[in-house]
Amino acid sequence: MAGNAEKIIDLDKKRMQAMAQRDLATLRNLIADDLVYTHSSARIDTKQSLIGNMESGSTVYSAVEPSEVKAQDLGDAVVLTGKARIGVNSGGNAMSFTVRFTDVYARRGGQWQMVTWQSTRVPE
């Protein structure tokens with residue numbers, strides 16, 4: 001099962017680009033139906049609410065740029081940790097900030113999907 005680390009780092013970059021490009025079809029494929037997405041504000045989203053907010057325009061990501069990403073390959077799960085610079089307009093409030101994140105991908109039926117995201121804002 002070794003060798004998943006780089007593949008998942010690349011897959012997560014694709015997911016972040018899809019968020020910034022509002023590529024909802026890609027997000028629907030890369031995000032698990034039972035996603036738990038905890039924002040740096042402590043708000044929690046499901047797959048449905050995360051994509052729904054992007055679809056409606058109430059949340060618009062302009063940039064999600066990862067750095068310092070490391071992976072722990074656990075076989076059928078990979079845990080990513082790192083930093084990301086995020087540009088987002090949420091409810092009419094434009095923000096740009098950096099977070100530290102933990103992101104978990106699981107292999108289900110031969111497909112890798114993000115199952116958990118937790119982020120903490122880095123003081124500016």
What I want to check is whether the side chains of R85 and T98 have a donor and an acceptor closer together than 3.5 Å.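 A donor-acceptor contact under 3.5 Å links the two side chains.
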
Value rounded to 0.5 Å, distance of [atom1] in [X] from [atom2] in [Y]:
X: Y37; Y: I44; atom1: OH; atom2: CD1; value: 12.5 Å
X: N53; Y: D45; atom1: CG; atom2: CG; value: 5.5 Å
X: E68; Y: R100; atom1: CD; atom2: CZ; value: 5.5 Å
X: I51; Y: T59; atom1: CD1; atom2: OG1; value: 12.0 Å
X: T26; Y: Q21; atom1: OG1; atom2: CD; value: 8.5 Å

Side-chain heavy atoms of [X] within contact of [Y], under 4.5 Å:
X: D103; Y: M114; result: yes
X: E65; Y: Q17; result: no
X: V60; Y: M54; result: no
X: F97; Y: V88; result: yes
X: T120; Y: S40; result: no
X: E55; Y: L24; result: yes
X: Q113; Y: R107; result: no
X: D33; Y: R108; result: no

Step through it carefully: locate the ring centre of Y105, locate the ring centre of W112, and say whether they are under 6.0 Å apart. no

If only atom types and distance count, is the side chain of [X] paired as donor or acceptor with the main-chain N or O of [Y] below 3.5 Å?
X: T46; Y: S49; value: yes
X: T116; Y: V36; value: no
X: D73; Y: N4; value: yes
X: Q111; Y: L30; value: no
X: K47; Y: R28; value: yes

Please report the C-alpha distance between T102 and L80 in whole Å, then the side-chain angles of each, then the deciding distance to 0.1 Å, and finally whether the side-chain contact (heavy atoms from CB on, under 4.5 Å) criterion is met. CA-CA 6 Å; T102 300; L80 301 180; over 6 Å; no

For [X] and [Y], work out which heavy atoms get closest and say how close.
X: V99; Y: V122; answer: C-CG2, 3.9 Å
X: R22; Y: G57; answer: NH2-N, 4.1 Å
X: P66; Y: K13; answer: CG-CG, 3.9 Å

Between V79 and L74, is the side-chain contact (heavy atoms from CB on, under 4.5 Å) condition met? List the steps. CA-CA 8 Å; V79 178; L74 306 174; 3.9 Å; yes

Answer yes if [X] and [Y] sit in the same cluster of Ile, Leu, Val, Met, Phe, Trp and Tyr residues linked by side chain heavy atoms under 4.5 Å apart, and no otherwise.
X: F101; Y: M95; value: yes
X: Y61; Y: I31; value: yes
X: M19; Y: I9; value: yes
X: W117; Y: I8; value: yes

Charged N-O contact under 4.0 Å between D12 and K14: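 Salt bridge absent between D12 and K14.
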
Atom CD of residue position Q48 - does it have more than 12 heavy atoms of other residues, nucleotides or ligands inside 6.0 Å?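 Open.
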
